[in-house]
Chemist: 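Here it is, the structure, as C-alpha coordinates.
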Amino acid sequence: MTIAMPSRRAVLLGAAGAGAAAALPAASASAASAGGIPAGTPPVLLTEQATRCVLVLDPRRRTWDPAVDPSVVKWQFSPLGDRRYADLSPDVSWVYPSEAKVRRLRGRTYVLTTASFGFVAVVEHPTGRRYWGTAIGPGDDLFNPHSAELLPDGNVAVACSTGARVRLYAASWGPRATRYAEAELKGAHGLHWDGARKVLWALGDDELVAYAVGGTAARPTLTRRSAVGLPVGTPGRTPGGHDLFPVAGRPGRLWVTTNAAVFQYEKRGGAFVQDFAGHEVISRKSVKAVGNDPRTGQVLSTVPEGGLGETWWTTTVSVHRPAGAYKLVNGGIYKARWWLPA
(Lines give C-alpha, C1' and ligand atoms only; values in the text may rest on other atoms or scores of the structure.)
Protein backbone atom coordinates (compact mmCIF):
# COMPACT_ATOMS: atom_id res chain seq x y z
CA MET A 1 0.00 0.00 0.00
CA THR A 2 1.43 3.34 -0.98
CA ILE A 3 0.51 6.25 1.25
CA ALA A 4 0.10 9.65 -0.35
CA MET A 5 -1.17 12.30 2.04
CA PRO A 6 -1.02 16.10 2.23
CA SER A 7 0.34 15.85 5.79
CA ARG A 8 2.34 12.84 6.90
CA ARG A 9 1.17 13.47 10.45
CA ALA A 10 -2.52 13.78 9.63
CA VAL A 11 -4.65 11.41 11.64
CA LEU A 12 -7.93 9.88 10.57
CA LEU A 13 -10.95 11.17 12.40
CA GLY A 14 -13.28 8.82 14.16
CA ALA A 15 -12.60 5.72 16.21
CA ALA A 16 -14.09 2.34 16.82
CA GLY A 17 -14.84 0.84 20.20
CA ALA A 18 -11.80 -0.34 22.11
CA GLY A 19 -10.99 -3.82 23.27
CA ALA A 20 -12.55 -7.15 22.41
CA ALA A 21 -16.08 -8.43 22.02
CA ALA A 22 -17.35 -11.97 22.48
CA ALA A 23 -15.40 -15.06 21.48
CA LEU A 24 -15.98 -16.73 18.15
CA PRO A 25 -18.47 -19.56 17.96
CA ALA A 26 -17.15 -22.80 16.52
CA ALA A 27 -18.21 -23.46 12.94
CA SER A 28 -20.63 -26.35 12.69
CA ALA A 29 -19.57 -29.06 10.27
CA SER A 30 -23.10 -30.40 10.12
CA ALA A 31 -24.79 -27.09 9.38
CA ALA A 32 -26.62 -26.98 6.08
CA SER A 33 -25.33 -24.74 3.34
CA ALA A 34 -27.38 -21.54 3.19
CA GLY A 35 -27.42 -18.82 0.58
CA GLY A 36 -24.68 -20.55 -1.38
CA ILE A 37 -22.30 -20.45 1.61
CA PRO A 38 -20.78 -23.90 2.17
CA ALA A 39 -21.33 -25.54 5.54
CA GLY A 40 -18.32 -25.13 7.79
CA THR A 41 -17.16 -21.86 6.22
CA PRO A 42 -14.87 -20.16 8.78
CA PRO A 43 -15.37 -16.60 10.02
CA VAL A 44 -13.64 -13.75 8.19
CA LEU A 45 -10.91 -11.68 9.84
CA LEU A 46 -10.21 -8.31 8.30
CA THR A 47 -8.57 -4.91 8.69
CA GLU A 48 -11.22 -2.21 8.53
CA GLN A 49 -9.48 1.10 7.96
CA ALA A 50 -12.51 3.37 7.72
CA THR A 51 -13.31 2.83 11.42
CA ARG A 52 -9.78 1.77 12.46
CA CYS A 53 -10.69 -1.73 13.65
CA VAL A 54 -9.78 -5.35 13.25
CA LEU A 55 -13.00 -7.32 12.87
CA VAL A 56 -14.05 -10.96 12.84
CA LEU A 57 -17.33 -11.28 10.97
CA ASP A 58 -20.07 -13.86 10.61
CA PRO A 59 -19.42 -16.01 7.49
CA ARG A 60 -23.09 -16.91 7.17
CA ARG A 61 -24.08 -13.36 6.25
CA ARG A 62 -23.22 -12.03 2.80
CA THR A 63 -23.83 -8.43 3.85
CA TRP A 64 -22.28 -7.05 7.03
CA ASP A 65 -23.85 -3.87 8.41
CA PRO A 66 -22.69 -3.54 12.04
CA ALA A 67 -24.58 -0.26 12.51
CA VAL A 68 -27.87 -1.99 11.77
CA ASP A 69 -27.05 -5.48 13.08
CA PRO A 70 -24.13 -5.58 15.55
CA SER A 71 -24.44 -9.37 15.80
CA VAL A 72 -22.50 -9.78 12.54
CA VAL A 73 -19.37 -8.78 14.48
CA LYS A 74 -18.09 -11.80 16.40
CA TRP A 75 -14.98 -10.05 17.74
CA GLN A 76 -13.26 -6.73 17.30
CA PHE A 77 -10.10 -4.98 18.34
CA SER A 78 -9.01 -1.38 18.50
CA PRO A 79 -6.35 0.00 20.86
CA LEU A 80 -8.00 3.42 20.91
CA GLY A 81 -9.00 4.21 24.48
CA ASP A 82 -7.53 0.91 25.74
CA ARG A 83 -5.10 1.54 28.62
CA ARG A 84 -3.21 -1.67 27.85
CA TYR A 85 -1.90 -0.05 24.66
CA ALA A 86 -1.69 3.59 25.75
CA ASP A 87 2.13 3.66 25.66
CA LEU A 88 1.99 2.85 21.92
CA SER A 89 0.28 6.20 21.21
CA PRO A 90 -2.57 4.62 19.22
CA ASP A 91 -4.16 8.00 18.51
CA VAL A 92 -1.31 8.63 16.06
CA SER A 93 0.15 5.14 15.45
CA TRP A 94 -3.08 3.16 14.87
CA VAL A 95 -3.82 4.70 11.47
CA TYR A 96 -4.58 2.46 8.47
CA PRO A 97 -4.49 -1.02 10.11
CA SER A 98 -2.74 -3.04 7.43
CA GLU A 99 -2.44 -6.61 8.71
CA ALA A 100 -4.47 -9.12 10.67
CA LYS A 101 -3.60 -12.79 11.01
CA VAL A 102 -4.42 -15.39 13.63
CA ARG A 103 -1.77 -17.60 15.25
CA ARG A 104 -1.53 -20.16 18.06
CA LEU A 105 1.28 -20.25 20.62
CA ARG A 106 1.51 -22.43 23.72
CA GLY A 107 -2.18 -23.19 23.76
CA ARG A 108 -3.33 -19.60 23.27
CA THR A 109 -4.80 -17.81 20.27
CA TYR A 110 -3.41 -14.45 19.13
CA VAL A 111 -4.25 -11.89 16.46
CA LEU A 112 -1.22 -10.16 14.93
CA THR A 113 -1.89 -6.68 13.64
CA THR A 114 0.04 -3.71 12.23
CA ALA A 115 -0.85 -0.20 11.13
CA SER A 116 0.86 2.06 8.63
CA PHE A 117 1.65 4.85 11.08
CA GLY A 118 3.69 2.64 13.38
CA PHE A 119 1.50 0.36 15.53
CA VAL A 120 2.40 -3.33 15.91
CA ALA A 121 0.84 -5.72 18.42
CA VAL A 122 0.15 -9.35 19.21
CA VAL A 123 -3.29 -9.42 20.83
CA GLU A 124 -4.65 -12.34 22.82
CA HIS A 125 -8.02 -13.62 21.62
CA PRO A 126 -10.67 -13.20 22.90
CA THR A 127 -9.51 -11.11 25.89
CA GLY A 128 -7.72 -8.37 23.90
CA ARG A 129 -4.81 -8.63 26.34
CA ARG A 130 -1.44 -7.51 25.05
CA TYR A 131 1.11 -10.23 24.51
CA TRP A 132 3.55 -7.72 23.01
CA GLY A 133 3.50 -4.43 21.15
CA THR A 134 5.58 -1.55 19.87
CA ALA A 135 5.20 1.65 17.87
CA ILE A 136 7.78 2.13 15.12
CA GLY A 137 8.04 5.85 14.33
CA PRO A 138 4.54 6.58 15.68
CA GLY A 139 2.53 9.20 13.83
CA ASP A 140 4.27 8.81 10.49
CA ASP A 141 4.58 6.27 7.66
CA LEU A 142 8.36 6.48 7.31
CA PHE A 143 8.58 2.83 8.48
CA ASN A 144 5.06 1.61 7.59
CA PRO A 145 4.76 -1.72 9.44
CA HIS A 146 2.93 -3.86 6.93
CA SER A 147 2.93 -7.39 8.34
CA ALA A 148 4.06 -9.39 11.35
CA GLU A 149 4.76 -12.99 12.27
CA LEU A 150 4.90 -14.90 15.57
CA LEU A 151 7.78 -17.37 15.94
CA PRO A 152 7.71 -20.57 18.02
CA ASP A 153 9.99 -19.06 20.68
CA GLY A 154 7.55 -16.20 21.18
CA ASN A 155 9.52 -13.56 19.31
CA VAL A 156 7.85 -11.38 16.68
CA ALA A 157 9.01 -10.39 13.20
CA VAL A 158 7.81 -7.18 11.56
CA ALA A 159 8.02 -6.16 7.88
CA CYS A 160 8.38 -2.39 7.33
CA SER A 161 7.63 -1.54 3.71
CA THR A 162 8.63 2.12 3.52
CA GLY A 163 11.44 1.51 5.97
CA ALA A 164 12.77 -1.30 3.74
CA ARG A 165 13.59 -3.64 6.59
CA VAL A 166 12.60 -6.76 8.49
CA ARG A 167 12.92 -6.65 12.25
CA LEU A 168 12.87 -9.55 14.68
CA TYR A 169 11.89 -8.40 18.17
CA ALA A 170 12.71 -10.28 21.39
CA ALA A 171 9.01 -10.18 22.25
CA SER A 172 9.29 -13.36 24.31
CA TRP A 173 10.88 -11.18 27.01
CA GLY A 174 7.76 -9.22 27.72
CA PRO A 175 4.98 -7.04 26.33
CA ARG A 176 7.25 -3.99 26.05
CA ALA A 177 10.48 -5.66 24.90
CA THR A 178 12.42 -3.39 22.54
CA ARG A 179 15.56 -5.30 21.50
CA TYR A 180 15.56 -6.47 17.87
CA ALA A 181 17.66 -7.84 15.02
CA GLU A 182 17.28 -6.23 11.61
CA ALA A 183 17.84 -6.97 7.93
CA GLU A 184 17.33 -4.71 4.94
CA LEU A 185 14.67 -5.66 2.39
CA LYS A 186 13.37 -3.23 -0.19
CA GLY A 187 9.60 -2.85 0.07
CA ALA A 188 9.21 -5.47 2.83
CA HIS A 189 5.53 -6.40 2.77
CA GLY A 190 4.90 -9.97 3.93
CA LEU A 191 6.22 -12.50 6.46
CA HIS A 192 5.71 -16.20 7.18
CA TRP A 193 7.47 -18.55 9.59
CA ASP A 194 8.18 -21.93 8.00
CA GLY A 195 8.34 -24.46 10.80
CA ALA A 196 9.41 -27.32 8.56
CA ARG A 197 12.36 -25.49 7.02
CA LYS A 198 13.08 -23.34 10.09
CA VAL A 199 13.25 -20.12 8.07
CA LEU A 200 11.43 -16.80 8.08
CA TRP A 201 10.11 -16.03 4.60
CA ALA A 202 9.90 -12.34 3.73
CA LEU A 203 8.40 -10.76 0.61
CA GLY A 204 9.79 -7.53 -0.79
CA ASP A 205 9.31 -5.43 -3.90
CA ASP A 206 11.53 -7.62 -6.06
CA GLU A 207 12.27 -10.87 -4.23
CA LEU A 208 11.15 -13.57 -1.85
CA VAL A 209 13.82 -14.06 0.82
CA ALA A 210 14.40 -16.85 3.35
CA TYR A 211 16.10 -15.76 6.59
CA ALA A 212 17.71 -18.08 9.10
CA VAL A 213 16.95 -17.13 12.70
CA GLY A 214 19.85 -17.53 15.09
CA GLY A 215 21.19 -16.23 18.36
CA THR A 216 19.01 -16.58 21.43
CA ALA A 217 15.45 -15.57 22.23
CA ALA A 218 16.84 -12.59 24.12
CA ARG A 219 19.32 -11.65 21.39
CA PRO A 220 18.04 -12.99 18.08
CA THR A 221 19.83 -12.72 14.74
CA LEU A 222 18.62 -12.69 11.13
CA THR A 223 20.80 -14.11 8.35
CA ARG A 224 19.82 -14.06 4.70
CA ARG A 225 19.93 -17.68 3.55
CA SER A 226 18.45 -17.55 0.03
CA ALA A 227 16.39 -15.38 -2.31
CA VAL A 228 14.46 -15.72 -5.54
CA GLY A 229 13.35 -12.92 -7.86
CA LEU A 230 9.64 -12.31 -8.29
CA PRO A 231 7.95 -12.72 -11.68
CA VAL A 232 8.01 -9.46 -13.61
CA GLY A 233 4.58 -8.17 -14.58
CA THR A 234 5.61 -5.15 -16.64
CA PRO A 235 9.11 -5.07 -18.17
CA GLY A 236 11.23 -2.38 -16.58
CA ARG A 237 9.02 -2.06 -13.50
CA THR A 238 9.37 -3.60 -10.07
CA PRO A 239 7.11 -6.64 -9.54
CA GLY A 240 5.82 -5.13 -6.30
CA GLY A 241 5.48 -8.11 -3.97
CA HIS A 242 2.55 -7.61 -1.61
CA ASP A 243 0.90 -10.49 0.22
CA LEU A 244 2.64 -13.60 1.53
CA PHE A 245 0.57 -16.32 3.18
CA PRO A 246 0.75 -20.12 3.53
CA VAL A 247 -1.36 -22.27 1.25
CA ALA A 248 -3.50 -24.06 3.84
CA GLY A 249 -3.31 -27.82 3.44
CA ARG A 250 -0.22 -27.64 1.20
CA PRO A 251 2.81 -26.95 3.42
CA GLY A 252 5.14 -26.95 0.43
CA ARG A 253 3.52 -23.83 -1.03
CA LEU A 254 3.07 -20.14 -0.30
CA TRP A 255 0.58 -17.66 -1.71
CA VAL A 256 2.39 -14.68 -3.26
CA THR A 257 0.74 -11.62 -4.75
CA THR A 258 2.41 -8.91 -6.82
CA ASN A 259 1.17 -5.74 -8.48
CA ALA A 260 0.27 -7.79 -11.54
CA ALA A 261 -0.86 -11.26 -10.46
CA VAL A 262 -1.35 -13.99 -7.86
CA PHE A 263 1.00 -16.97 -7.67
CA GLN A 264 1.79 -19.94 -5.52
CA TYR A 265 5.46 -20.45 -4.72
CA GLU A 266 6.50 -24.09 -4.86
CA LYS A 267 9.31 -24.32 -2.30
CA ARG A 268 10.95 -27.55 -3.42
CA GLY A 269 11.25 -26.50 -7.05
CA GLY A 270 11.78 -22.84 -6.30
CA ALA A 271 9.14 -21.83 -8.85
CA PHE A 272 6.19 -19.45 -8.98
CA VAL A 273 3.23 -21.32 -10.45
CA GLN A 274 -0.39 -20.69 -11.39
CA ASP A 275 -1.57 -24.28 -11.54
CA PHE A 276 -4.02 -23.91 -8.65
CA ALA A 277 -7.75 -24.35 -9.17
CA GLY A 278 -9.51 -21.10 -10.06
CA HIS A 279 -6.32 -19.27 -11.01
CA GLU A 280 -7.99 -17.63 -13.99
CA VAL A 281 -10.25 -15.57 -11.70
CA ILE A 282 -8.16 -15.44 -8.53
CA SER A 283 -5.07 -14.02 -10.26
CA ARG A 284 -5.51 -10.35 -11.08
CA LYS A 285 -3.85 -7.01 -10.44
CA SER A 286 -3.46 -5.35 -7.04
CA VAL A 287 -4.59 -8.24 -4.85
CA LYS A 288 -3.92 -7.10 -1.27
CA ALA A 289 -4.67 -10.41 0.45
CA VAL A 290 -5.37 -13.99 -0.57
CA GLY A 291 -5.91 -17.25 1.30
CA ASN A 292 -7.71 -20.57 1.14
CA ASP A 293 -9.82 -22.67 3.46
CA PRO A 294 -8.71 -26.30 3.08
CA ARG A 295 -11.94 -27.70 4.46
CA THR A 296 -14.38 -26.11 2.00
CA GLY A 297 -11.90 -25.29 -0.79
CA GLN A 298 -12.92 -21.62 -0.84
CA VAL A 299 -10.40 -18.89 -1.61
CA LEU A 300 -10.89 -15.29 -0.52
CA SER A 301 -9.14 -12.17 -1.75
CA THR A 302 -9.35 -8.39 -1.60
CA VAL A 303 -8.68 -5.85 -4.33
CA PRO A 304 -9.25 -2.07 -4.24
CA GLU A 305 -12.42 -0.55 -5.65
CA GLY A 306 -12.95 2.99 -6.83
CA GLY A 307 -14.92 5.79 -5.23
CA LEU A 308 -13.99 5.16 -1.60
CA GLY A 309 -12.09 7.25 0.94
CA GLU A 310 -8.70 5.81 -0.09
CA THR A 311 -7.58 4.29 -3.37
CA TRP A 312 -6.55 1.00 -1.70
CA TRP A 313 -9.88 0.41 0.11
CA THR A 314 -12.68 -1.96 -0.77
CA THR A 315 -16.06 -2.83 0.71
CA THR A 316 -15.95 -6.32 -0.81
CA VAL A 317 -14.28 -9.58 0.14
CA SER A 318 -14.26 -11.73 -2.98
CA VAL A 319 -14.83 -15.47 -2.61
CA HIS A 320 -13.85 -18.07 -5.19
CA ARG A 321 -14.72 -21.77 -5.55
CA PRO A 322 -17.66 -21.26 -5.49
CA ALA A 323 -17.89 -17.65 -6.59
CA GLY A 324 -19.41 -15.23 -4.12
CA ALA A 325 -18.71 -12.11 -2.12
CA TYR A 326 -19.11 -10.49 1.26
CA LYS A 327 -20.01 -6.80 1.55
CA LEU A 328 -19.17 -4.50 4.47
CA VAL A 329 -21.51 -1.53 4.42
CA ASN A 330 -19.55 1.76 4.51
CA GLY A 331 -16.36 -0.23 4.86
CA GLY A 332 -12.75 0.53 4.09
CA ILE A 333 -11.32 -3.01 3.98
CA TYR A 334 -7.67 -3.58 3.21
CA LYS A 335 -6.94 -7.25 3.94
CA ALA A 336 -9.16 -10.22 4.75
CA ARG A 337 -8.26 -13.70 6.03
CA TRP A 338 -10.16 -16.83 6.89
CA TRP A 339 -10.18 -17.38 10.66
CA LEU A 340 -7.88 -20.42 10.74
CA PRO A 341 -5.75 -20.41 13.90
CA ALA A 342 -2.40 -22.07 13.19
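We're numbering straight along the sequence, starting at 1. For the numbers below, each heavy atom of this structure counts, side chains included, while hydrogens, waters and symmetry mates do not.
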Chemist: What do you reckon, is CZ of R108 surrounded by more than 12 foreign heavy atoms closer than 6.0 Å?
Modeler: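 It does not: R108 CZ has 12 such atoms or fewer within range.
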Chemist: Going from CH2 on W64 to CG on L55, what distance comes out if it is rounded to the nearest 0.5 angstrom?
Modeler: 9.0 Å
Chemist: Within the 4.5 Å heavy-atom criterion, are L244 and L254 side-chain neighbours or not?
Modeler: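 Answer yes - side chains close enough.
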Chemist: Show every salt bridge (Lys or Arg N to Asp or Glu O under 4.0 Å) that has at least one partner inside residues 144-161, sequence neighbours left out.
Modeler: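 Applying salt bridge (Lys or Arg N to Asp or Glu O under 4.0 Å) to every pair that reaches into residues 144-161, excluding sequence neighbours, yields R103-E149.
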Chemist: Say whether, by atom type as modelled, one donor and one acceptor occur between the side chain of R83 and the main chain of A86 under 3.5 angstrom.
Modeler: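 Pair absent, no side-chain N/O of R83 close to backbone of A86.
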Chemist: Does any non-hydrogen side-chain atom of K101 lie less than 4.5 Å from one of S147?
Modeler: yes
Chemist: How are the rings of H242 and H189 set to each other: parallel, tilted or perpendicular (split at 30° and 60°)?
Modeler: tilted
Chemist: Kindly indicate, with the supporting measurements, whether the criterion side-chain contact (heavy atoms from CB on, under 4.5 Å) is fulfilled by V319 and Y326.
Modeler: CA-CA 8 Å; V319 181; Y326 293 105; 3.7 Å; yes
Chemist: Quick one: do D243 and R337 make a salt bridge, cutoff under 4.0 Å?
Modeler: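 Yes, charged N to carboxylate O under 4.0 Å.
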Chemist: To check you understand the geometry: which heavy-atom pair defines the closest contact between T257 and V287, and what is its length?
Modeler: OG1-O, 3.0 Å
Chemist: Is the closest basic N to carboxylate O distance between R167 and E182 below 4.0 Å?
Modeler: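 Looking at R167 and E182, the cut-off is met.
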Chemist: In terms of side-chain heavy atoms, does Q274 have a donor or acceptor partner in S283 at a distance below 3.5 Å?
Modeler: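 Indeed, the side chains of Q274 and S283 share at least one donor-acceptor pair under 3.5 Å.
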Chemist: Would a 4.5 Å heavy-atom cut-off, applied to side chains only, mark N292 and V247 as touching?
Modeler: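 Sidechains of V247 and N292: in contact.
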Chemist: Would the W94 and F119 ring centres measure less than 6.0 Å apart?
Modeler: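 Aromatic pair counts; centres sit under 6.0 Å.
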Chemist: Would you indicate whether the side-chain heavy atoms of I136 and C160 approach each other to under 4.5 Å?
Modeler: yes
Chemist: Answer yes when R253 and E266 have at least one side-chain N-carboxylate O distance shorter than 4.0 Å, and no when they do not.
Modeler: no
Chemist: Hey, is CG on D87 packed in by over 12 heavy atoms from elsewhere, all under 6.0 Å?
Modeler: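 Check passes, neighbour count above 12.
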Chemist: Between T41 and T296, do the side chains contain an N or O donor and an N or O acceptor separated by less than 3.5 Å?
Modeler: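 No.
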Chemist: Between the side chains of D141 and S116, does any donor sit under 3.5 Å from an acceptor?
Modeler: no
Chemist: Please check this pair: side chain of T258 against backbone of A261, looking for a donor-acceptor N/O pair closer than 3.5 Å.
Modeler: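 Yes; judged by distance alone, with no hydrogens or angles, the pair exists.
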Chemist: Could you walk me through whether S78 and R52 pass side chain to side chain donor-acceptor pair (under 3.5 Å), step by step?
Modeler: CA-CA 7 Å; S78 168; R52 298 166 72 181; over 6 Å; no
Chemist: Do V44 and V56 come within less than 4.5 Å of each other through their side chains, counting heavy atoms only?
Modeler: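 Not in contact.
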Chemist: I need the H146 NE2 to Y96 OH distance, nearest 0.5 Å.
Modeler: 13.5 Å
Chemist: Taking CZ in R219 as the centre, count heavy atoms belonging to other residues, nucleotides or ligands within less than 6.0 Å. Is the count above 12?
Modeler: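 Atom CZ in R219 is not crowded, with 12 or fewer foreign heavy atoms closer than 6.0 Å.
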Chemist: In the single-linkage hydrophobic clustering (I, L, V, M, F, W, Y; side-chain heavy atoms under 4.5 Å), do L151 and V199 co-cluster?
Modeler: no
Chemist: Is there a side chain to side chain donor-acceptor pair (under 3.5 Å) between K327 and T315? Walk through the geometry before answering.
Modeler: CA-CA 6 Å; K327 190 81 169 180; T315 61; 2.8 Å; yes
Chemist: Could you walk me through whether D58 and R60 pass the salt bridge (charged side-chain N to carboxylate O under 4.0 Å, His left out) test, one step at a time?
Modeler: CA-CA 5 Å; D58 189 343; R60 299 164 298 178; 3.0 Å; yes
Chemist: Which atom pair, heavy atoms only, marks the closest approach of L88 to V120?
Modeler: CD1-O, 4.1 Å
Chemist: Please determine if R179 forms a cation-pi arrangement with Y169, meaning its NZ or CZ atom is less than 6.0 Å from the six-membered ring centre and no more than 45° off the ring axis.
Modeler: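 Because its charged atom misses either the 6.0 Å distance or the 45° angle limit, R179 does not stack over Y169.
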Chemist: Can you check whether T314 reaches P304 side chain to side chain, under 4.5 Å on heavy atoms?
Modeler: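 No; the side chains remain at least 4.5 Å from each other.
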Chemist: Just by distance, with hydrogens left out, do D194 and W201 show a side-chain donor and acceptor under 3.5 Å apart?
Modeler: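 Judged by distance alone, the side chains do pair up.
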Chemist: For residues 229-241, dump all side-chain donor-acceptor pairs below 3.5 Å to protein atoms at least two apart in sequence or in another chain.
Modeler:
{"from": "T238", "atom 1": "OG1", "to": "D205", "atom 2": "O", "distance (Å)": "3.3"}
{"from": "T238", "atom 1": "OG1", "to": "D206", "atom 2": "OD1", "distance (Å)": "2.5"}

Chemist: Does the gap between the ring centers of Y334 and W313 come in under 6.0 Å?
Modeler: no
Chemist: Hey, quick one: are W339 and F245 part of the same hydrophobic cluster, counting side-chain heavy atoms closer than 4.5 Å, chains of contacts allowed?
Modeler: no
Chemist: Please evaluate residues S301 and R284 with respect to the criterion side chain to side chain donor-acceptor pair (under 3.5 Å), reporting the C-alpha separation (whole Å), side-chain torsions for both, the decisive distance (0.1 Å), and the verdict.
Modeler: CA-CA 10 Å; S301 63; R284 55 216 196 278; 2.8 Å; yes
Chemist: Determine whether a donor-acceptor pair (N or O, by modelled atom type, separation under 3.5 Å) exists between the side chain of S172 and the backbone of N155.
Modeler: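 It does not hold such a pair.
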Chemist: So, D82 and R130, do they make that salt bridge, N to O below 4.0 Å?
Modeler: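 Not counted as a salt bridge, because no side-chain N and carboxylate O are separated by less than 4.0 Å.
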Chemist: So, F276 versus W255, ring centres under 6.0 angstrom or not?
Modeler: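 Between W255 and F276, which both carry aromatic rings, the centre distance is below 6.0 Å.
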Chemist: What distance do L45 atom CG and L340 atom CG have between them, rounded to the nearest 0.5 Å?
Modeler: 10.0 Å
Chemist: When you compare the side chain of W338 with that of L300, does any pair of heavy atoms fall below 4.5 Å?
Modeler: yes
Chemist: Can you see which heavy atom on A325 is nearest to which on R62, and at what distance?
Modeler: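 Shortest heavy-atom contact: O-CD, 3.1 Å.
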Chemist: Strictly below 4.0 Å, N to O, side chains only: are E207 and R224 in salt-bridge contact?
Modeler: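 Counted as a salt bridge, because a side-chain N and a carboxylate O are separated by less than 4.0 Å.
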Chemist: Looking at side-chain heavy atoms only, is the closest gap between V95 and P90 below 4.5 Å?
Modeler: no
Chemist: Using the ring centroid of each side chain, check whether Y85 and F77 are separated by less than 6.0 Å.
Modeler: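 Centroid distance Y85-F77: below 6.0 Å, so yes.
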Chemist: Take a 6.0 Å sphere around CD of E305 and say whether it holds more than 12 heavy atoms from other residues, nucleotides or ligands.
Modeler: yes
Chemist: Give a yes or no on this: more than 12 heavy atoms of other residues, nucleotides or ligands lie within 6.0 Å of atom CH2 of W173.
Modeler: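 Check fails, neighbour count at 12 or below.
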